There are 2 protein chains.
Amino acid sequence: MKTNFPITCKGIDYPSLLENFKVLLKRNGLKYTLQREHILKILYKSNKHLSPELLYNEIKLDAPELNIGIATIYRTLTLLEEAELVTSISLDKQGKKYELADKEHHDHMICTNCGKIIEFIDNEIEERQKQISKQHQFKMTGHSMQIYGLCNECQQNNKEK
Amino acid sequence: MKTNFPITCKGIDYPSLLENFKVLLKRNGLKYTLQREHILKILYKSNKHLSPELLYNEIKLDAPELNIGIATIYRTLTLLEEAELVTSISLDKQGKKYELADKEHHDHMICTNCGKIIEFIDNEIEERQKQISKQHQFKMTGHSMQIYGLCNECQQNNKEK
DNA sequence: GTCGCTGCAAAGTCTTTGCAGAGAG
DNA sequence: CTCTCTGCAAAGACTTTGCAGCGAC
């Protein structure tokens, strides 16, 4: 399935996002369902990286009557990722995590102690990546960068011990 | 298990690497076995990123009489990674891949069409990462960066079609 | 000899798939 | 009505673990 969703998500209110979402589903011949809305909603509300399982649990809490299945989560996330409505990062141990697509691309700092994820953007690096790709005659379509280490908090805690 | 292997691997001949390897095993209270040597050897010979399964197959071919088990591959790779004798990258679909630790850290360009991996280093980016970490009071211990896209070859092939 | 290492098979994860029924358009 | 989407359960891929025997030291 090939979809083509030109969209930015964050920084808009939920009702607008939802409207956007419905339009985009239609445009791609996909149906609007309560399950899909809830997935969008939880991603919007939590505003952070969620694993499929976490997302599943959140929806179970938020809408137990929906009785959503984990398979639907996986299927929908795959679909939304193809549609570029969500993006994912894959961490070595923890598996894939998803978040709403952002109008701005960003990279991640991941605390190896507590798992916290700090987002950042750096134009200098972005620019350099393009140059490097060009040098290697490589046609860049995307990239991901993770910095691993200890967040401020965990550094403090370590000192105390 | 905590190991402490200060080492560089590439750019040295195999016998030296092997000697190095034996010393380091001993230093960490680990035993030298034929299985471990073969894993080292294949990683050295292939000089690229291997998945546990590929590594397994290569060893089966190279030394069928060893009758190595896949579990040993996994156990050994985990161990060698802790020991910093090998490093891994995790690609979304393909899972983890391993290579011998290099004296120089490097990043990866990954062709989304053919899976080819091109390695590169860029000091400007390395430097910038340090600065960014500092800005966020984040104690960087490592990082990984992947650029996704089409390698030169695949671009040519696409044009032909 | 001791104790770590190994192969095997079984058990775990995490993710995907087949299917029949439910539901959106 | 039609055809997609869903939940369920089963199947898959990949990785880890328990165990008894083997082998390095």
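Source: prediction; values computed, not measured. Order of the sequence lines sets the chain letters (A, B, ...), proteins ahead of strands, with each chain counted from 1.
- The hydrophobic cluster containing B:Leu34 also contains B:Tyr56, counting ILVMFWY residues as joined when their side-chain heavy atoms lie under 4.5 angstrom apart, directly or transitively.
- The OH atom of A:Tyr32 sits 15 Å away from the C1' atom of D:dT6 (whole-angstrom rounding).
- By the salt bridge (charged side-chain N to carboxylate O under 4.0 Å, His left out) test, B:Lys26 pairs with no residue at all, sequence neighbours left out.
- With respect to A:Glu58 and A:Lys45, no salt bridge is recorded, no charged nitrogen being found less than 4.0 Å from a carboxylate O.
- When atom types are taken as modelled, the side chain of B:Gln155 and the backbone of B:Leu150 share a donor-acceptor pair closer than 3.5 angstrom.
- Spacing between atom CG of A:Leu54 and atom C1' of C:dT15 amounts to 16 Å, rounded to whole angstrom units.
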Item to check | Verdict with supporting geometry, A:Gln35 and A:Thr72, side chain to side chain donor-acceptor pair (under 3.5 Å) | outcome: CA-CA 8 Å; A:Gln35 286 82 349; A:Thr72 299; over 6 Å; no
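- Side-chain contact between B:Arg128 and A:Arg128 is absent, with no heavy-atom pair separated by less than 4.5 Å.
- In this entry the distance linking CD1 of A:Ile59 with P of D:dT6 reads 11 Å, nearest Å.
- A 6.0 Å sphere centred on NZ of A:Lys134 holds no more than 12 heavy atoms belonging to other residues, nucleotides or ligands.
- In this entry the distance linking CG of A:Leu30 with C1' of D:dC5 reads 10 Å, nearest Å.
- Nearest nucleotide to the A:Arg36 side chain, out of D:dC5, C:dT15, C:dG4: D:dC5.
- Counting to the nearest Å, the C1' atom of D:dT16 and the CG atom of B:Leu79 are 15 Å from each other.
- In this structure, A:Tyr56 places its OH atom 16 Å from P of C:dT16, rounding to the nearest Å.
- Nearest-nucleotide positions on DNA chain D place B:Glu53 closer to the 5' end than the other of B:Lys26 and B:Glu53.
- Applying the 4.0 Å criterion to OP1 and OP2 of D:dG23, one finds that B:Thr33 has every side-chain N and O outside that range.
- Rounded to a whole Å, the CD atom of A:Gln35 is 5 Å from the P atom of D:dT6.
- For the pair A:Glu37 CD and D:dC5 P, the interatomic distance rounds to 16 Å; values are reported in whole Å.
- Residues of residues 70-78 of chain A that place a heavy atom closer than 4.0 Å to DNA chain D, in numerical order, are A:Ala71, A:Thr72, A:Arg75.
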